[in-house]
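These notes are about the structure you will find just below.
Computed from heavy atoms alone, side chains included, the values below leave out hydrogens, waters and symmetry copies. Just so you know, residue 1 is the first one in the sequence shown, and it goes up from there.
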Amino acid sequence: MKTTLSLFCCSLSLLFCFYLPRGSLSAGVDRCKLPPRGWNSYDSFCWTISEDDFLKSAKVVAKYLKSHGYEYVVLDYLWYRRLVPGAYTDSLGFDVIDQWGRMVPAPDRWHSAKSGNGFAEVAKEVHSLGLKFGIHVMRGLSRQAFDANTPILDINTGRAYEESGREWRAQDIGIKERSCAWMPHGFMSVNTSLPAGRAFLSSLYHQYAEWGVDFIKHDCVFGDDFNLEEITYVSGLLKKFDRPILYSLSPGTSVTPTMAKELKGLANMYRVTGDDWDSWGDVASHFDVARDFAKAEMVPGEGLLGSSWPDLDMLPLGWLTDAGANQGPHRQCNLTLDEQRTQMTLWSMARSPLMFGGDVRQIDETTYKLITNPTLLEINDYSSNNMEFPYVTGKILGPERNHLMRRSKISMLKRVNNHHTRVVGVTSCKDPNANGWSVESLGQYHEQICWRKEDEQLNREPLCLYKRICSNEHVLYGQDNRRLFTSDDGVKSCLDASPRHKLTSSEWKKKQPSFSTCRGDANQMWKLSSNATLRSSYSGLCARVKQVKANDVRTSGVRSWIATGRQGEIYVAFFNLNVEKTLISAKLSDMAKVLPGRNLEDKADCKGREVWSGQRYEAVADSLEMVVDKHGCALFTLNCS
């Protein structure tokens, strides 16, 4: 059986990689520069997986997937939570912590942890299979440790951390007002400006390294929950260890290229969407964001001791569970085979990390062949010039639907209606579109904060923040330029900077301003700055108002991607987002516009094949076309002279 070998040598802050490429025992390519690939437990087990189930899964990955480059087995969240009645994804008081307030594996599910060695035995077993071991962790400090006011470990002395003549504890460093918005009973930020706060984080990540962890998925620190201070400090810790630990960030709601550029050199992969589950809406919602990151030339970018990759999330294929469930795999993927091929093809063309989420112990032949398709994996690993191809034509085929669609540089999308509305979202404060707020007096004691950008040009009333609802739009009230809330029939609800629950990708695309009961925590605190930005005290992100079309349906039309291979081949993917069969075509002369120097303009002699049908093309002189089924795709490999 083919194997994947790796040898890492580190000296100071430099990482050198020597290895054999995925699925090959011959010529080498720098594996530090390939998108990460592996299996994650979340889509099939949620948080309930046990040591036995995890190691059985790892053995299947080693036997059947490792030779295809799937080298990481990642344990997702709440591995420290006891699986007992009353425990769920945001329960309080069911976690296992050590005397220093650090999470340790729940012994009722992780029997090898009873010895006090954490995940050391699990990591050892994973490494013996030739794989790498990953875990999910949350931001900062657990609420349980904060309530217990545990002491902080000083890793230099092995005793409680002391400074200024006193012992420091969890309540000295925890910022309760900055609890994770979608898990408020779980975790909170720590004050990284305090030496004691940094000491606590150091004790956490040194423990993970001692256990033998190779991959850290750090959650509730990115997207709407951006915490650049903690990311920066953790990245610095990982950089100093004597072996590489891949650093992954989550979640991806509201992420834009501008925000992600603040991660330069800090991480290896970062989510750019909400949670992806097995619905067509979730799959379709990834096209725009994948396009945006490719256009921003961030695939790949500069990462922690290597490259960084925009992450479109796990692949929910095969045998799955449900989001937030207290049970393991119990149902098949809801996506059709065409929809699964569309997802896998887009992820590969966008060079996203490939993390399979289904139950590998019950993987079926169709799913296995899809996630190990050699053309897709070749594209994911080694292609270049990856981008959305804007010059594609679609013709819907069906009764009374035989009309032509054309795409130029603007996506072809159906709209339910043309009514526009304005919604409040968050973005990086470095985004030039964030500075459109101003404050106006409503009298001696009250003020309103208004978004005037674009509104004055369009000669319309600005969106203002009052303490009531009018004209069918949320208008809010500003109190000390900080807390913003609505008041409907005397019931106040405050504007949240981050959603109160984890959003799927399709939910995030339709996200409206999030309001909930006023609590006065950092998620509901805002500050109007002198540069006309409205900054969140929770994430450091800024509010902006976007104009969108009401009931915007972004799940139809035709899309296309293009890329080049390492042997000079050209990859072209057609995607049919319509609910009817569609004839999709593209001209070689248009491909030449995005791939200059490929000699495609003057009757190029192209040969190739379509991957899913196996159809071969002996002569492609002017254009490429194929009828594509509902929600399906076509993937062409072309060799042109």
Side-chain angles (χ1 to χ4, degrees), residues 1-4 21-24 29 31 34-40 43 60-72 276 278 283 286-287 290 299 309 311-319 332-333 335-360 362-384 386 559-567 569-576 608-617 624 626 628-629 631-639:
M1 182 176 66
K2 293 180 180 179
T3 58
T4 302
R22 289 171 169 161
S24 172
V29 178
R31 284 197 56 184
L34 302 183
R37 191 177 301 163
W39 173 76
N40 181 291
D43 287 350
V60 175
V61 173
K63 185 174 182 180
Y64 296 106
L65 294 176
K66 184 176 69 170
S67 60
H68 299 281
Y70 291 85
E71 59 179 337
Y72 291 98
D276 177 66
D278 53 326
V283 175
H286 287 74
F287 280 91
V299 186
W309 304 90
D311 177 15
L312 298 181
D313 201 13
M314 293 167 283
L315 296 161
L317 309 175
W319 202 248
Q332 284 283 0
C333 172
L335 297 174
T336 67
L337 179 56
D338 282 321
E339 291 168 344
Q340 293 177 47
R341 286 174 172 171
T342 289
Q343 179 168 32
M344 189 70 186
T345 302
L346 177 62
W347 265 236
S348 298
M349 290 293 285
R351 301 196 73 193
S352 169
L354 298 179
M355 292 290 172
F356 178 59
D359 184 358
V360 290
Q362 303 183 66
I363 193 168
D364 59 274
E365 183 178 5
T366 300
T367 302
Y368 178 75
K369 287 183 176 179
L370 178 60
I371 68 171
T372 59
N373 182 281
T375 302
L376 291 180
L377 299 187
E378 171 72 16
I379 292 170
N380 184 251
D381 273 343
Y382 303 116
S383 60
S384 56
N386 306 64
R559 310 292 283 258
S560 180
W561 272 66
I562 195 168
T564 54
R566 55 177 170 167
Q567 303 299 326
E569 63 270 43
I570 298 172
Y571 300 110
V572 181
F574 291 162
F575 299 98
N576 177 20
R609 70 182 182 94
E610 198 282 317
V611 171
W612 304 119
S613 66
Q615 181 175 342
R616 292 195 172 275
Y617 295 78
L624 196 64
M626 175 167 275
V628 182
D629 286 336
H631 296 170
C633 68
L635 176 61
F636 302 92
T637 301
L638 301 177
N639 291 283

Tyr368 and Tyr64 aromatic ring geometry - parallel, tilted or perpendicular at 30°/60° bounds =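 The arrangement is perpendicular - the two ring planes meet at more than 60°.
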
Check the pair Leu34, Tyr382 against side-chain contact (heavy atoms from CB on, under 4.5 Å), reporting the backbone distance first and the verdict last.
-> CA-CA 8 Å; Leu34 302 183; Tyr382 303 116; 3.7 Å; yes

Kindly indicate, with the supporting measurements, whether the criterion side-chain contact (heavy atoms from CB on, under 4.5 Å) is fulfilled by Asp278 and Glu339.
-> CA-CA 9 Å; Asp278 53 326; Glu339 291 168 344; over 6 Å; no

Test applied, ring pair (Phe, Tyr, Trp, His ring centres under 6.0 Å); reference residue, Phe636; option that passes from Tyr571, Trp612, Phe574, Trp561 |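 Output: one option passes, namely Phe574.
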
To the nearest 0.5 Å, what is the distance between [atom1] ([X]) and [atom2] ([Y])?
X: Leu335; Y: Gln340; atom1: CG; atom2: CD; value: 5.5 Å
X: Arg341; Y: Leu317; atom1: CZ; atom2: CG; value: 12.5 Å
X: Leu376; Y: Lys369; atom1: CG; atom2: NZ; value: 14.0 Å

I would like to know whether Leu635 and Met349 meet side-chain contact (heavy atoms from CB on, under 4.5 Å); could you show each step before the answer?
-> CA-CA 10 Å; Leu635 176 61; Met349 290 293 285; 4.3 Å; yes

After noting the C-alpha distance and the side-chain angles of Trp319 and Gln332, does the key distance pass the side-chain contact (heavy atoms from CB on, under 4.5 Å) rule?
-> CA-CA 5 Å; Trp319 202 248; Gln332 284 283 0; 3.1 Å; yes

Option among Ile371, Leu354, Asn380, Asp311 that satisfies the side chain to side chain contact (heavy atoms under 4.5 Å, CB included) test with Trp347 |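 With Trp347 as partner, side chain to side chain contact (heavy atoms under 4.5 Å, CB included) holds for just one option, Leu354.
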
Sequence neighbours excluded, which residues qualify as salt bridge (Lys or Arg N to Asp or Glu O under 4.0 Å) partners of Glu378?
->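 With sequence neighbours excluded, Glu378 shows a salt bridge (Lys or Arg N to Asp or Glu O under 4.0 Å) to Arg566, given in chain and number order.
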
Test salt bridge (Lys or Arg N to Asp or Glu O under 4.0 Å) applied to Asp629 - qualifying residues, sequence neighbours left out |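 Salt bridge (Lys or Arg N to Asp or Glu O under 4.0 Å) list for Asp629, sorted by chain: Lys581.
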
Where at least one partner belongs to residues 351-360, residue pairs that pass side chain to side chain donor-acceptor pair (under 3.5 Å), sequence neighbours excluded =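 Every pair satisfying side chain to side chain donor-acceptor pair (under 3.5 Å) with a residue in residues 351-360: Asp359-Arg361, Asp359-Gln362.
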
Assert yes or no for the condition that the ring centre distance of Tyr70 to Phe356 is strictly below 6.0 Å.
->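 Not under 6.0 Å, so no.
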
Do the side-chain N and O atoms of Gln343 and Asp276 include a donor-acceptor pair separated by under 3.5 angstrom?
->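 Side chains of Gln343 and Asp276: pair found under 3.5 Å.
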
